[in-house]
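Heads up, the thing below is written out as structure tokens.
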Amino acid sequence: MLPARPTLLRPRPRPRLPLLRGALLASLLAALPGRAGEAPVGRYQAFVDELQQTWPALDQPGPEEPGLALTCFSTPGEPRYVGVRQEMVIQAGLADVAAILDDISGYAALYPDCVSVTVVPGSRGGDGYLTAWERRVPLFFVPNTRFTLRYDVDRSRPGRIDYRYRLEEPGRITESDGLVVLEALPDGTTRFVEYDFFEAGWGPLPISMVWTESLSGVFLSDTATRLKAERPAWSAKQVQAEARRLWGLDPDRVDRCRRNSRPVAWGQATPPSLAPPPSPSPQPPPPSF
């Protein structure tokens, strides 16, 4: 039997707190357990696999500006699905940069908002392994997020190391596919390029907040990698502080990345061009009389 609909007694009106209510609802939605069973197949899994196989030649020019260059990718109809390409040149050798990425036990101390990262016991096989993550969410009422990533490392090409990772066990993170490619440059530095595509249980959080938190996370982590490779004597606290300072120097970074984002259809066969978007053709000057 359905309960009777109240007709006479009405509850007193409550104060409207839309932002807080939305954020709390988001935290409840995000805390729901992920799908159990076999590893999920992300929408960009085949896309990133092909990107790795058709990787461009080493002589492609890198970013002109120092630090980390970000390029955003948007998924049509999915404004909260985050896609971002990160590129930088690290003033350190390939082996030094790879040593930082290989040191899974050091991630928690080095990367902001990272509580713990461990290699799942018994998961190592060849150059593949599982990593269990716990990350802090920068909202006091949202619990930490936990998930498992599968890593496959390819060292078969001279002067290049690939780190291919994908979601193995979802939690609040429901899809994640990524690739890091390290390439040794002729001058002894290292070209670092990373692609990340991921979706989480964001709930009704504003789209701008989703992108801001996501881009700040990848910026701080990648910049920490660069700083530790270039300044190995620095402590993790110094690295994190400098990474946060560099993030704060450009308050327009997120908006600019989203304004210039490139739409990507996740079912397309060919990865997007790595060249910057074409600039508009110059208009001829008006005739003079």
Side-chain angles (χ1 to χ4, degrees), residues 33-55 84 86 88 90 92-136 144-184 190-200 217-218 220-229 232 236 239-240:
R35 296 164 288 181
E38 62 183 33
V41 177
R43 279 164 282 188
Y44 283 95
Q45 180 169 312
F47 179 92
V48 178
D49 286 341
E50 184 173 357
L51 180 64
Q52 182 181 13
Q53 295 166 10
T54 60
W55 193 253
V84 59
Q86 307 120 71
M88 59 185 171
I90 300 177
L94 176 64
D96 295 328
V97 180
I100 296 172
L101 298 186
D102 292 337
D103 183 19
I104 306 297
S105 62
Y107 283 14
L110 186 61
Y111 298 142
D113 298 325
C114 191
V115 178
S116 69
V117 186
T118 58
V119 176
V120 177
S123 68
R124 284 192 180 273
D127 286 321
Y129 49 88
L130 298 178
T131 55
W133 293 70
E134 180 180 354
R135 300 205 66 161
R136 187 179 299 106
N144 293 346
T145 180
R146 296 176 175 85
F147 53 94
T148 303
L149 294 179
R150 169 169 293 281
Y151 275 75
D152 291 292
V153 184
D154 184 352
R155 307 176 193 269
S156 62
R157 302 172 184 85
R160 170 178 158 183
I161 304 176
D162 297 354
Y163 295 83
R164 174 72 171 94
Y165 48 94
R166 67 199 71 191
L167 191 64
E168 180 75 13
E169 293 182 7
R172 185 177 301 127
I173 305 295
T174 55
E175 288 190 23
S176 179
D177 275 285
L179 171 68
V180 173
V181 176
L182 304 179
E183 293 174 297
T190 302
R191 179 174 179 249
F192 175 109
V193 180
E194 180 173 3
Y195 280 82
D196 279 302
F197 295 94
F198 56 89
E199 186 178 44
V218 298
L220 293 175
S221 296
D222 291 350
T223 301
T225 299
R226 177 178 67 83
L227 292 172
K228 188 61 179 177
V239 167
Q240 290 190 19

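None of these values were measured; they are calculated from a predicted model.
Nearest approach of A109 to A236, heavy atoms of both residues: O-CB, 3.2 Å. Listed here is the closest heavy atom pair of A229 and I90: CB-CG2, 3.8 Å. When every heavy atom of T148 is checked against every heavy atom of L130, the shortest pair comes out as CG2-CB, 4.2 Å. Closest heavy-atom contact between T190 and A92: OG1-O, 2.8 Å. Shown here for Y165 and Y195, the closest heavy-atom pair between the two residues is OH-O, 3.7 Å. L94 and G159 get closest at one heavy-atom pair: CD2-C, 3.8 Å.
Contact check for D96 versus P232: no side-chain heavy atoms found under the 4.5 Å cut-off. Between D103 and L110, the closest side-chain pair of non-hydrogen atoms is not below 4.5 Å.
Considering CD of Q86 and CG of D222, their distance stands at 4.5 Å, rounded to 0.5 Å. Here the straight-line distance linking atom OG1 of T225 with atom CZ of F192 works out to 5.5 Å at 0.5 Å rounding. The CG atom of L182 lies 5.5 Å from the CG atom of L101; values are rounded to the nearest 0.5 Å.
The salt bridge (Lys or Arg N to Asp or Glu O under 4.0 Å) pairs that include a residue from residues 151-160 are D102-R155, D154-R157, R157-D162, R160-D162, where partners are two or more places apart or lie in different chains. Judged as a side chain to side chain donor-acceptor pair (under 3.5 Å), the pairs with a partner in residues 114-131 (not counting sequence neighbours) are, in order, T131-W133.
Shown here are the salt bridge (Lys or Arg N to Asp or Glu O under 4.0 Å) partners of D196, two or more places apart in sequence or in another chain: there are none. Looking at residues two or more places apart in sequence or on another chain, you find a side chain to side chain contact (heavy atoms under 4.5 Å, CB included) between S221 and Y111, R135. The salt bridge (Lys or Arg N to Asp or Glu O under 4.0 Å) search around E194 returns none, not counting sequence neighbours. Under the salt bridge (Lys or Arg N to Asp or Glu O under 4.0 Å) criterion, R146 pairs with E134, sequence neighbours left out.
The one candidate from R43, R164, R150 that meets the salt bridge (charged side-chain N to carboxylate O under 4.0 Å, His left out) condition with D177 is R164.
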What's the verdict on side chain to side chain contact (heavy atoms under 4.5 Å, CB included) for Y151 and I104, showing C-alpha distance, side-chain angles and the deciding distance? CA-CA 11 Å; Y151 275 75; I104 306 297; 5.6 Å; no
